[in-house]
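Have a look at the structure below before the remarks.
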Amino acid sequence: MSLIVQKFGGTSVADAEKILAAARKAVRAQQQGHKVVMVVSAMGKNTDLLLELASQVNEQPPARELDMLLSTGEQVSVALMAMAVDSLRAKAVSLTGGQMGIHTDNSFTKARIQSISTKRIEQLLDAGNIVIAAGFQGIDDDLNITTLGRGGSDTTAVALAAVLGAEACEIYTDVDGVYTTDPRLLPEARRVVVISYDEMLELASLGAGVMHSRSIEFAKKFGVPIHVRSSFSDTAGTMIVAEPESDSAAVCGAALTRDEARITVLGVPDIPGTSLTIFQAISQQKIPVDMIVQNIADGGLADISFTVHRSDVAATLQAIEPAAEKLRAKAITHDDEVSKVSVVGLGMAIQAGVAHRMFRALADAGINIEMITTSEIKISVLVRRSQAIDALRIVHQGFALHECPADSKSWTQIKAARAQRGDVESMVARLQNDALERVTLTGLAVTPNQARVTLRRVPDNPGVAADMFESIARAGVLVDMIVQGTDGEDGSTSISMTVDENDLEACEQVARDLYQRYGLGGVQAGRGIAKVTVSGIGLRSHTNVSAVMFRELADAGINVQMINTSELQVNAVIDGTQAELGKERLQIAFDKAF
Ligand code: ADP
Ligand code: ASP
Ligand code: MG
């Protein structure tokens, strides 16, 4: 008998009628011959109300007590849901996280699942019950109640689907699927029929609130197909699976993190260990960092900029203050009026010129880009918050995301193709049940013979980046990493990129032409560098991965010249002569740490 997990979000259980409607879906699935596990969120805006209440009695409530409080929201829903199922004459038992054996670590408000004991759920299912599981919560070694972070019920659902070997995990929500961007922000957004795990993981991590990004880590590790669909209709939604919807599209979606903030540590020594000191302090607080840019040293000093979510600014500043002092940094500045716009797509890993399409679209609309980072399947730019929605719209239009790609494939077609290839239905989970949410590393590689070109003091005006990357593409040069960050106090920026050593001359030529045309501060070019790439799943959300990488490279006396991070990869650019040593040391460090 097959098993399905059905998850209902807050709006889908907001009142008695909706709870009954959800119960009917579960009972119907059971009548069709499935074993059914429901995962339920707190009703409506209950979690927000509880948080508000907490802040009224204490501006900084203790995290343990917050979890104690927030977990009650889901406890209310599961009890009501079990009563609703009972009223439909089906058997149901509700369970809290602790009762169903979801064990987590003890990082309150952002706990990670360590193991799930499936015995009790399985016994209840075998006895003919619909099991109703409280989302978003677990229990630590000392029996404290923990929560997984906002939106965490998705992760509970997919984790249960993974360990129970469910046929699929259905996510019932208030939209009828995953769209090319949040349809509440852009009504022209298109519902996609299929999206790959990798793309969804990046999109969710970059602001697409429809799925909790950690749920996609589980789905990918265990090969759980996720069906995102509407609680209010029976139409098919979006399948999140291993394959993408289209093989030709460079970009599958765009995301916005409205409330982003940029922090810059000015005037730190450009020597091994500097980044480590800063990012270790942040990672200890489990704060995810994005868009790390270190500009080229001026007089032996460097500026390090990075972005965090705006709500993490205070905690981040507090965390890095001692580190900055130790490094004798000149100053720490921050700007919390910025937003991050990103595009994601598997196609861009193999297609050239995707970045400049994005920069050109923004430039034509007069929107200035304040910071750029690229990774294998994503490009992120920072813009003024007042221009964020315009920027999102323009980028969405620029990649014609409202149009269905000509080679769009349905889930049925993908399954047929799998069968023809003789693929096994799901990936074999390589993990033990006692290491569920541990970081998964899948590879460590060195790309030798790279070169770097840096343009200093680029005027901070719309269009410069677009012109630059268009000229470079015209010269037939394939650019790999791009980072742009602030360069000094006059608002100008510096743009660095890596290219293959063979392309260095051509790229340098273009850079020198641009130098003339724009009156740039300078062009620096260097060959003999290498890129070290760590691949895995959920690398950004596990904040310690870059910390381990920085520590190991620093201990080996290796300076990190450029870095980018994503959920799928962390890339560090280092001196080519140290590449093999770097790889060896990282291999040992990762074997030990993860
Ligand atoms: P639930 O309470 O069911 O978990 P959420 O509010 O967490 O629901 O997620 C659903 C919401 O996610 C939608 O109402 C939509 O506004 C938002 N959203 C953000 N990005 C996307 C996207 N790319 N596709 C669909 N919905 C999105
Ligand atoms: N109730 C929690 C929240 O609002 C968890 C969830 O809904 O996924 O964040
Ligand atoms: Mg949600």
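For ligands, and for the atoms within them, numbers begin at 1 and follow the listed sequence.
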Between D142 and N144 (side chain of the first, backbone of the second, donor and acceptor by atom type, cut-off under 3.5 Å), is there such a pair? no
Do side-chain atoms of E202 reach the backbone of E567 as a donor and acceptor pair under 3.5 angstrom? yes
Looking at Q114, is its backbone amide N or carbonyl O close enough to the side chain of E437 to form a donor-acceptor pair, meaning the two atoms are under 3.5 Å apart? no
Between T440 and G536, is there a donor-acceptor pair closer than 3.5 Å when you use the side chain of the first and the backbone of the second? no
Are any side-chain N or O atoms of D154 and backbone N or O atoms of H212, one a donor and one an acceptor, separated by less than 3.5 Å? yes
Protein non-hydrogen atom below 4.0 angstrom of atom 24 (N) of ligand 1 present: yes
Strictly by modelled atom types, are S196 and E199 linked by a side-chain donor-acceptor pair under 3.5 Å? yes
As a test of understanding, state which of E217, K286, R214 forms a side-chain hydrogen bond (donor to acceptor under 3.5 Å, both in side chains) with S541. E217
Note: ligand 1 atoms sitting under 4.0 Å from heavy atoms of D174 are 10 (C), 11 (C), 13 (C), 14 (O)
Short list, please: which atoms of ligand 2 are under 4.0 Å from a heavy atom of T47? 1 (N), 2 (C), 3 (C), 4 (O)
Can you figure out which of T47, L256, D182 has its heavy atom closest to atom 15 (C) of ligand 1? D182
Closest protein heavy atom (residue, atom, distance) for atom 9 (O) of ligand 2: R150 NE, 2.7 Å
Nearest non-hydrogen protein atom to atom 14 (O) of ligand 1, with distance, is R184 NH2, 2.4 Å
Considering heavy atoms of the protein only, find what lies nearest to atom 7 (O) of ligand 2 and give residue, atom and distance to 0.1 Å. S41 OG, 3.1 Å
Minimum heavy-atom distance Y172-S12, with the two atoms named: O-OG, 3.6 Å
Here the atoms of ligand 1 under 4.0 Å from any heavy atom belonging to A208 are 20 (N)
Checking contacts here: is it the side chain or the backbone of T181 that comes within 4.0 Å of ligand 1, counting heavy atoms only? Could be both or neither. backbone
Relative to the heavy atoms of S153, which atoms of ligand 2 are at a distance of less than 4.0 Å? 5 (C), 6 (C), 7 (O), 8 (O)
With a cutoff of 4.0 Å, is H212 in contact with ligand 2, counting heavy atoms of the residue only? no
Answer yes or no for G253: is there a heavy-atom contact with ligand 1 below 4.0 Å? no
Spell out, as yes or no, whether a donor-acceptor pair under 3.5 Å connects the side chain of S55 to the backbone of E52. yes
What protein heavy atom lies closest to atom 2 (O) of ligand 1? Include the residue and the distance to one decimal. G10 N, 3.2 Å
Is ligand 1 less than 4.0 angstrom away from at least one heavy atom of K7? yes
Scan side-chain atoms only and decide if D407 and S248 contain a donor-acceptor pair under the 3.5 Å cut-off. yes
Proximal atoms of ligand 1 relative to G209 (non-hydrogen, under 4.0 Å): 7 (O), 9 (O), 12 (O), 19 (C), 20 (N)
E260 side chain vs K340 backbone, donor-acceptor pair below 3.5 Å: no
Can you tell me which portion of T173 lies within the under-4.0 Å heavy-atom range of ligand 1? Options are side chain, backbone, both, or neither. both
Below 4.0 Å from ligand 2: does a non-hydrogen atom of G151 turn up there or not? yes
When you measure from the heavy atoms of G152 to every atom of ligand 2, does any distance fall below 4.0 Å? yes
S41: heavy atom below 4.0 Å from ligand 1, yes or no? no
Could you find the nearest protein heavy atom to atom 27 (C) of ligand 1 and give me its residue, atom name and distance? V210 CB, 3.5 Å
If you count the atoms of ligand 2 from 1 in the order shown, which ones are under 4.0 Å from a heavy atom of E74? 1 (N), 2 (C), 5 (C)
Does any N or O in the side chain of S115 come within less than 3.5 Å of the main-chain N or O of H103, such that one atom is a donor and the other an acceptor? no
Heavy-atom distance under 4.5 Å between the side chains of S342 and K378, does that happen here? no
Using atom types as modelled and distance alone, determine if a side-chain donor or acceptor of S77 lies under 3.5 Å from a backbone N or O of S41. yes
With atoms numbered from 1 as shown, which atoms in ligand 1 lie under 4.0 angstrom from a non-hydrogen atom of V178? 24 (N)
Is ligand 1 under 4.0 Å from a heavy atom in the side chain of S153, in the backbone, in both, or in neither? neither
